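Quick notes on the structure that follows.
Read the numbers this way: they start at 1 and go in the same order the structure lists the ligands and their atoms. Keep in mind that this is a model prediction, so the values were computed, not measured.
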Amino acid sequence: RKIIVVTGGVLSGIGKGVTASSIGVLLRAMGLRVTALKIDPYLNVDAGTMSPFEHGEVFVLDDGGETDLDLGNYERFLSVSLTKESNLSTGKIYQSVIDRERMGDYLGKTVQVVPHISDAIQEWILRVAKAPVARFGSSTKEIPEVCIVELGGTLGDIESMPFVEALRQLQVLVGYKNMCFVHVSLVPVLGSPPEQKTKPTQHSVAQMRQLGLTPDFIACRGKLPLEASAKKKIAMFSSIPKNAIISIHDVSNIYRVPLMMMSQNFPSMLAHRLRLEPYYKKSVSQ
Ligand code: ADP
């Protein structure tokens, strides 16, 4: 079973949700069954009590789960019906660990963020990755082959630290070939003449590495397509192959993002990284 983690740097609202959903579309096109998990590092147990002015609309799932609106993107892009397990928050994970502590499950041990919270996060991710999901319009559930995990917020936030640590440990547990990281970063344009600035991305990749995570792909969000010179600079400073740096520039319709990724050869690189080539080759030959 494969896990793809989408993280974000520099600022929030950078397009992690759209990137994660678009990756799902590409995997579906390869004939793979896909599920998704959104991690929201806030303390609310779910989004049901949060102001839509601050947080955007609450998305209600078929099982009544009140979740982040990214779950709506996932359902539309992946054509699946998700459950409330697919939205994990700090509140939810702490609640589950504290409930177990009250039941005496930890047998007198001191309950700590590492290992108890970080283990509970890994168990949750693996549970969602294995849980059968129903396709829209079908009542039969299928076991997914790939799970896309989106880590909300920005890497380096205090709130997301236990999740970052859990993801680092999870890659060790499931193995390098089964889990990869796509980091979404910002490339702003400044100055006269206008220049695409790569420093925020360089810093955010450096920070990601400090936290023990290595990005396999960098998705650069910006107004215009990423220029070759900017790509080269990011590749050099972050030690990532040039073609693994993907431009996710602004488009009038977010359904174009998967096509934009395809035009940059992203599906084949992703398939190679996660040893999914047979699926990719079959889909191309059809
Ligand atoms: P995050 O998950 O990082 O908070 P989202 O994926 O929710 O960010 O995207 C934030 C906003 O930016 C959304 O309104 C989304 O439609 C828009 N957006 C994301 N990517 C693009 C893009 N390539 N072109 C235009 N709009 C985009």
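For atom 20 (N) of ligand 1, the nearest non-hydrogen atom from the set R221, E150, K38, K223 belongs to R221.
Here the side chain of D46 pairs no donor or acceptor atom with the backbone of G65 at under 3.5 angstrom. The backbone N or O of V133 sits nowhere less than 3.5 Å from a side-chain atom of R135 that would complete a donor-acceptor pair. Formation of a donor-acceptor pair under 3.5 Å by the S89 side chain with backbone atoms of V45 is found in this model. Under the 3.5 Å distance criterion, the side-chain polar atoms of R100 are left unmatched by any main-chain donor or acceptor of D105. In this structure, the side chain of E145 engages the main chain of R33 through a donor-acceptor pair within 3.5 Å.
Under the 4.0 angstrom criterion for non-hydrogen atoms, H249 is in contact with ligand 1. For the pair G13 and ligand 1, a heavy-atom separation below 4.0 Å is found.
The part of D70 lying near ligand 1 is the side chain, judged by heavy-atom distances below 4.0 Å. At a heavy-atom distance under 4.0 Å, only side-chain atoms of V257, from C-beta outward, approach ligand 1. Neither the backbone nor the side chain of M260 comes within 4.0 Å of ligand 1, counting heavy atoms alone.
Relative orientation of the H55 and Y42 rings is perpendicular, given thresholds of 30° and 60° on the angle between their planes.
Ligand 1 places these atoms under 4.0 Å from at least one heavy atom of I248: 23 (N).
Of the protein's non-hydrogen atoms, K16 N, 3.5 Å is the one closest to atom 1 (P) of ligand 1. Nearest protein neighbour of atom 2 (O) of ligand 1, counting heavy atoms only, is G17 N, 2.8 Å. The shortest contact between atom 15 (C) of ligand 1 and any protein heavy atom is with V18 CG2, 3.9 Å. With respect to atom 9 (O) of ligand 1, the closest heavy atom belonging to the protein is G15 CA, 3.6 Å.
Any N or O atom pair closer than 3.5 Å counts here, and I254 shares no such pair with ligand 1. Remark: ligand 1 and I14 share an N or O pair separated by less than 3.5 Å (distance only, no angle test). For V251, a nitrogen or oxygen atom sits less than 3.5 Å from a nitrogen or oxygen atom of ligand 1, counting backbone and side chain alike.
For the side-chain contact (heavy atoms from CB on, under 4.5 Å) with C220, the qualifying choice from V184, I246, I248, I234 is I234, the only one to do so.
Considering only heavy atoms from C-beta on, H116 stays 4.5 Å or farther from T110 through its side chain.
The presence of a protein heavy atom under 4.0 Å from atom 13 (C) of ligand 1 is ruled out.
Judged purely by distance below 3.5 Å, without hydrogens or angles, the side chains of H249 and S247 pair a donor atom with an acceptor atom.
Taken from OG1 in T7 to CG in L151, the straight-line distance is 7.0 Å, to the nearest 0.5 Å.
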